[in-house]
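In this chain, numbering begins with 1 at the start of the sequence shown.
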Amino acid sequence: MINPDYRAIRRPVRRPGADTYLLLTLLSFALSVSLTRLFLELAGYPQLGGGKLHIAHMLWGGLLLFVAAMLPLIFVNRWVYTWVAVLSGVGIGLFIDEIGKFITQNNDYFFPPAAPMIYAFFLICVLLYLRVNRPPPRHPRAELYATLEMMEEVLDHDLDAHERAEIETRLRYVIEAEGSPELRRLARDLLGFFGDEHTYLAPAKPRFEKRLEARLRTLERRHLDQGRLRSILTIGMAVMGAFASLASLRAMASDLRLDQGGTGLTFAVQNATFAHVSWFLSLQVFQFLLGAALILSSVYLMKGRKEGVDISYVALLVYLTMVDLLLFYYYQFSTTITAIVQFILLLGVIYYRQSYAT
């Protein structure tokens, strides 16, 4: 009879650095879709092939996804995961960019719902990243998984003092935690190996992200104190609020019109006529109200009141997750720049809340 303490464990363990890999995937995905649309617009939507042959960029995306799937099956090195993250992000971007062709009978690349579907998929990926970015609960099994993965640094003669200290911290946690005696014994043996004075330590080489973080921290201390950040957010909220309010008024004034029979309202956006006037009106009303909320938040921010941070946070969150979906439907990828600005402002608000707002 098998001892119940030694049955096979199938519970998944989060990979160390999973949040970084997922962030690379998100950035690659967003850039691939944006740059693809920009290139096609500037180049006049060229086609690769001739006659009946058309090699769509969706095929290149599928090829990159295949390569990304093969790399971790063939190679065991940790640096492979960086390439997997980038290639999978670019691949899914090229693939999903042509979703309009595969949800319409006439293979309509410009099918209006395609843009909000791509944006909604991106938002789901962002939510996944936010979930993965949370610190996982510590567990002896997970700590040993991370330690064994970091053993690659020993095999590649790339272990530095900081990494050894991290490994020793993980192993001491396993030794002191309650759990399997075998895990504690393995942790003690590994700790003895890393404590050996003959263990080679490579010269410390700050990684790119660490150097970038250090430089950003230096710039922050020199140029971005609370007053300046509040001023930037105040101006940003005021400009974005005015833009949103004026855009909604302009849309209702220019895009709404009586139909030829004079029996009702229709509207035209990008030379296409849509029958869903109520949705269009709802979008413009919501956009006007959110613009007014952002202007109000800028007034509170200028006065240094906490309400300004709270109002701008909620308004930007609603804008990005709800209103932008409809904007992508009616105005397609011209909404991308607006969404990027809103996202940057939201990051600024979150940083301000965490650093200064109490």
Minimum heavy-atom distance between [X] and [Y], given as atom pair plus value:
X    : Y    : value
R14  : V132 : NH1-O, 2.6 Å
P112 : P116 : O-CD, 3.1 Å
G61  : L94  : CA-CB, 3.7 Å
A85  : S28  : O-OG, 4.5 Å
K101 : A56  : NZ-CB, 4.3 Å
V349 : L316 : CG2-CD1, 4.2 Å

For [Y], does its backbone N or O pair with a side-chain atom of [X] as donor and acceptor, under 3.5 Å?
X    : Y    : value
D160 : H162 : yes
E152 : R78  : yes
T335 : L327 : yes

Around [X], counting heavy atoms of other residues, nucleotides and ligands shown, do more than 12 lie under 6.0 Å from its [atom1]?
X    : atom1 : answer
I337 : CD1   : no
F39  : CZ    : no
Y129 : OH    : yes

Indicate yes or no: at least one non-hydrogen side-chain atom of F29 is less than 4.5 angstrom from one of F121.
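The answer is yes; the side chains approach within 4.5 Å.
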Cut-off 3.5 Å, side chains only: do D310 and Y300 have a donor facing an acceptor?
no
Within the 6.0 Å centroid threshold, strictly below: Y319 and F286
no
Quick one: is the NZ or CZ of [X] closer than 6.0 Å to the six-membered ring centre of [Y], and within 45° of its axis?
X    : Y    : value
R15  : Y21  : no
R138 : Y173 : yes
R11  : Y145 : no

Please verify the inter-ring angle class for F333 with F328; under 30° counts as parallel, over 60° as perpendicular, anything in between as tilted.
perpendicular
Are the charged groups of E41 and R37 less than 4.0 angstrom apart, N to O?
no
